[in-house]
Structure formats: C-alpha cells, structure tokens
Amino acid sequence: MTPEPNKITPHTRRRRPLLTTLVICGVLAWVAVPAALYLQLSTQQRETTIAAPAQVWAPVEPNDAPTRRSVTVQIDWSSGEEVYAPAWSGLVETVGLSIGQTLDSGQVVGIVGGIQRLAIHTDRPFARSLGPGDQGADVTALNAVLASRKLEHGDGDRFNASTRQGVRALAKALGVPGAADVTRFEPDWVLYLPATTITVKELSLRPGAPAPAAGEAIIVGEERIVTARIVDGATEQPDPAGDAEADGSSPRGIAVVAEENETLLVAGQELALSSERDSLDSAAFATLEATVEPASSTVAGVLQQPPAAGEWVVPTGAILSGKAGTTCVVTKEAGKPAVTSVAVTGQGSGVTVITGELTDASAVLLAPPAQEYSCI
C-alpha cells in the first residue's frame, strides 16, 4: 500500500532529529577548522624570527700580475727604396739576387763587365775616384768599408799607404783587371745602398743583358717603417679614401707616453722604445715589419708594467664607493668589522687591484650593506 503524500509516518519522525544533528555538526566543522588553522599559523608566525644573512669574508692576496693597458701602435711607411746603377759598362753576367730576398750592405749583387759589384751602405754615394793624397768624408767612408771587410785601411779622412793597400786587395777580390797595380778606388765598383738592409720587391737586372744605364733604378725595395708612434684608440684600418693625412701618413691619434717601468709588447714580443717613450726606437722597426702585414697603418699593442709593492687583489664585490669618489672595503680587525680606505689601481675579471693598509692576514667582507658601512 503506497503512503499518501506529505503524510507523516513513524519512520519519518525518527529520521528528522538525525538529519538536523548532521547539519549542525557540518556547519560547526566548516567554521571551526579554518579558525583553528588560522590560530595555529598566527602562533607559528609570532614564534618565528628571520635569520640575518650570513657574512662572507674573502682573504686578500698580494698582486703578482703585471698591470697592462691596451694601446695602438700607429705606423708610417716610406715608399720602397730605389737602388740606381752607377756608370757600368759591359754585360750583366750573373745576378745574385731574387725578388723577396734580403740585400745587405757588403753583399755581392752580381757580376757586371767581369767585376763583382758590391752593395754598400754609406751616408752618401761615392761620387769620385779616390787615390793617394785625397781627403774628405768619402775617404773616411772608404776606410770604413775596407775595415768592415777586414782589409788594410787608413784612419780618418786621408787616403794613405794603408788605404792604398786595402784598395788593391779589394780590387783583387772583386776581379778588377790589373788589380796588382791598382792604386785608386773607383766608385763603380760598388752599388750605393740607401739602407743597411733592403728586401727586394722589384729587380730589373737580367743575366746576358747589357749593363743598365747610369741612374737607372735596378732594384726597388719593400716599403719600410719610418715612424711607429704609441697612441690611444681603436686599431681599425683607416679608410684609404678618407682617413689619410695630407702628407700620406696615417691619421694622428692621441699620443701615449709610456711610464718608466712600462714595456711595449706587440704580438707577444717586447719592442724597444725611443728615449721620449712615445714611439718605437728605430732598432725595433725590423722586428715590427716582420710582425705586421705589409703597409699596415696600425697594430694593437700592450704597455705592461710589473706589479707595484703594496698592491692587493680582492673580489670586486667587496669594493664600496663613497659619495666623494672615495673607495673602501670592510675588513675584520680584532674580530670586528672596520672600514678601510683603499685606492683602486686596476681591474680584472671579477677582481680589483687596490692599495691600502692591508696585510696578508686581512680579509674583506663581500657585498657589504651600504646602509651599515660607508667610505670616509
């Protein structure tokens, strides 16, 4: 038999108190649990304190690395030296040179007209025949040439008996006809060399050809360095169309003068400096020419000086800067932090070179808080 709608039965009366109790308990739990959690978290937050960040100290180290600063060596080149034929006659029989070869003073260039011809560097070319009794700067140069070849020679600027004996020996060595009776030096025995050394770029002497005419350029040398200045700035090659000076030299940079204890390195090689210390000594030109590309107008260099006494290396993060441009570090003295004034002399990768009242036992604080410490 189906119960009538909305009719309260004994079974329904028993279920209502139970449902009411469950609803009340659920509401109480929904309110009580978050409240309990909130009270627990509040208690923990009151009991918890934030720990101060740990201090990190780093030892200082003596600076044993050289101080280096980058510079540019600015190079000016001369056009290649030309070597001119004297008044020769006959045929070119042999040529002792080739393109790219170095021609040194005192070297035999070849045989022309049956005589070996010497390349000789002197202050100026020999322009006259020299014999007994002659005097002058050219006689002094002749005596020097004889001495360089370990032949008998006179002293000073007079052609004397010793000079004559040396000239006779030279004539014999060169194959001059009638050398045994020679008493005079002839300027066409030698070829005037405008520098002590020339690298041959062009050569017109050809075996079997007639002797070149007097004054004809028979050898052209490679370009040579005439100045090499130390400047500050970049090392890019200048634009040939727009960066040349009126005299054809490379553009001028800001001059740099090396300190007394600084040395110049180019491609790892030390190069001698001039007495003014703002350029290379001419003795270093040959080494520089062998280092750079031909006609290069600049090359990178480094001025290097040994470490100075009293320099220390510390992590860059230990440096504090003051408002007046001062710098300092925080050191530990007698177990307590103290501010120590320092001067920065150099920087590297993550480290700074400083001077100041520090010792091997000193340590510096990394990342010192600016609100606690300040430079004096």
Side-chain angles (χ1 to χ4, degrees), residues 78-149 151 153-154 157-159 163-164 166-224 226:
S78 69
S79 56
E81 294 98 340
E82 293 185 339
V83 179
Y84 303 102
W88 287 338
S89 61
L91 292 177
V92 177
E93 300 174 31
T94 65
V95 177
L97 289 176
S98 59
I99 292 176
Q101 182 179 341
T102 298
L103 174 60
D104 298 313
S105 182
Q107 183 177 334
V108 174
V109 174
I111 299 176
V112 180
I115 301 174
Q116 295 186 62
R117 310 294 177 165
L118 282 180
I120 295 292
H121 172 65
T122 51
D123 290 339
R124 59 184 183 182
F126 290 106
R128 61 174 177 154
S129 176
L130 298 174
D134 285 336
Q135 189 174 358
D138 51 358
V139 177
T140 301
L142 174 59
N143 280 320
V145 170
L146 296 174
S148 70
R149 303 188 70 80
L151 299 175
H153 60 280
D157 63 351
R158 185 174 294 278
F159 194 117
T163 307
R164 183 184 63 191
V167 166
R168 186 169 292 170
L170 177 63
K172 182 178 180 180
L174 297 179
V176 175
D181 299 322
V182 165
T183 60
R184 303 186 66 83
F185 168 80
E186 300 299 335
D188 63 353
W189 294 354
V190 299
L191 190 66
Y192 172 68
L193 203 61
T196 55
T197 300
I198 288 178
T199 301
V200 179
K201 182 179 181 180
E202 300 177 20
L203 177 66
S204 62
L205 282 178
R206 298 289 184 270
E216 180 182 338
I218 57 175
I219 298 171
V220 178
E222 296 281 1
E223 292 79 2
R224 303 297 299 270
V226 292

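Note that this is a predicted model, so its numbers are computed, not measured.
To the nearest 0.5 Å, the span separating CD1 on I99 from OG1 on T199 amounts to 12.5 Å. Within the model, atoms CG of L193 and CG of D104 stand 8.5 Å from one another, a figure rounded to the nearest 0.5 Å. With rounding to the nearest 0.5 angstrom, the CG atom of L130 is 9.5 Å from the OG1 atom of T163. Rounding to the nearest 0.5 Å gives a distance of 6.5 Å between CZ of R124 and CG of D138. Taking CG of D134 as the reference point, atom CG of L142 lies at 10.0 Å (rounded to 0.5 Å). The structure places CD of E222 at 12.0 Å from OG of S79, a figure rounded to the nearest 0.5 Å.
Between V200 and S98 there is no side-chain heavy-atom pair separated by less than 4.5 Å. Under the 4.5 Å side-chain criterion, counting only non-hydrogen atoms from C-beta, V109 is in contact with L103. Using a 4.5 Å cut-off on side-chain heavy atoms (C-beta onward), E216 and S204 make contact. A heavy-atom distance below 4.5 Å is not found between the side chains of L205 and L97. Annotation: side chain of P212 is in contact with side chain of I218 (closest heavy-atom distance under 4.5 Å).
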**Request:** Would you check, one step at a time, whether the test side chain to side chain donor-acceptor pair (under 3.5 Å) holds for S129 with R184?
**Result:** CA-CA 7 Å; S129 176; R184 303 186 66 83; 3.0 Å; yes
**Request:** Assess whether side-chain contact (heavy atoms from CB on, under 4.5 Å) is satisfied between E186 and R128, documenting all intermediate values.
**Result:** CA-CA 7 Å; E186 300 299 335; R128 61 174 177 154; over 6 Å; no
**Message:** Go through it in stages, so that I can follow the logic: the residues are T183 and V167, the test is side-chain contact (heavy atoms from CB on, under 4.5 Å), and I'd like the CA-CA distance, side-chain angles, deciding distance and then a yes or no.
**Reply:** CA-CA 7 Å; T183 60; V167 166; over 6 Å; no
**Asked** Could you go step by step and tell me if F185 and V139 meet the side-chain contact (heavy atoms from CB on, under 4.5 Å) rule?
**Response** CA-CA 10 Å; F185 168 80; V139 177; over 6 Å; no
**Request:** I would like to know whether L170 and L146 meet side-chain contact (heavy atoms from CB on, under 4.5 Å); could you show each step before the answer?
**Result:** CA-CA 8 Å; L170 177 63; L146 296 174; 4.2 Å; yes
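In the displayed structure, R158 atom CZ is contacted under 6.0 Å by at most 12 heavy atoms of other residues, nucleotides or ligands.
No donor-acceptor distance shorter than 3.5 angstrom exists from the side chain of N143 to the backbone of T140, with no hydrogens or angles considered. Remark: side-chain polar atoms of S105 are paired, donor with acceptor, to backbone N or O of H121 under 3.5 angstrom. In this structure a side-chain-to-backbone donor-acceptor pair under 3.5 Å is present from R206 to L203.
For the pair G96 and Q107, the tightest heavy-atom approach, listed with the atom from each and the gap, is O-NE2, 4.2 Å. The nearest pair of heavy atoms linking W189 to A171 is CH2-CB, 3.7 Å. Nearest heavy-atom pair across L151 and A169 is CD2-CB, 4.0 Å. Between A195 and R224, the shortest heavy-atom distance links the atoms CB-NH1, 4.4 Å. Taking every heavy atom of both residues into account, L91 and G208 meet most closely at CD2-O, 3.9 Å. Here the closest non-hydrogen pair linking A141 and T122 is CB-CG2, 4.2 Å.
Annotation: side chain to side chain contact (heavy atoms under 4.5 Å, CB included) contacts of E202 (sequence neighbours excluded): V220. Under the side chain to side chain contact (heavy atoms under 4.5 Å, CB included) criterion, A217 pairs with E82, Y84, sequence neighbours left out.
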Under 3.5 Å, which donor-acceptor pairs do the side chains of residues 110-120 form with other protein atoms, sequence neighbours left out?
residue: Q116; atom: NE2; partner: A173; partner atom: O; Å: 3.3
residue: R117; atom: NE; partner: V112; partner atom: O; Å: 3.1
residue: R117; atom: NE; partner: I115; partner atom: O; Å: 3.4
residue: R117; atom: NH1; partner: D188; partner atom: O; Å: 2.7
residue: R117; atom: NH2; partner: V112; partner atom: O; Å: 2.7

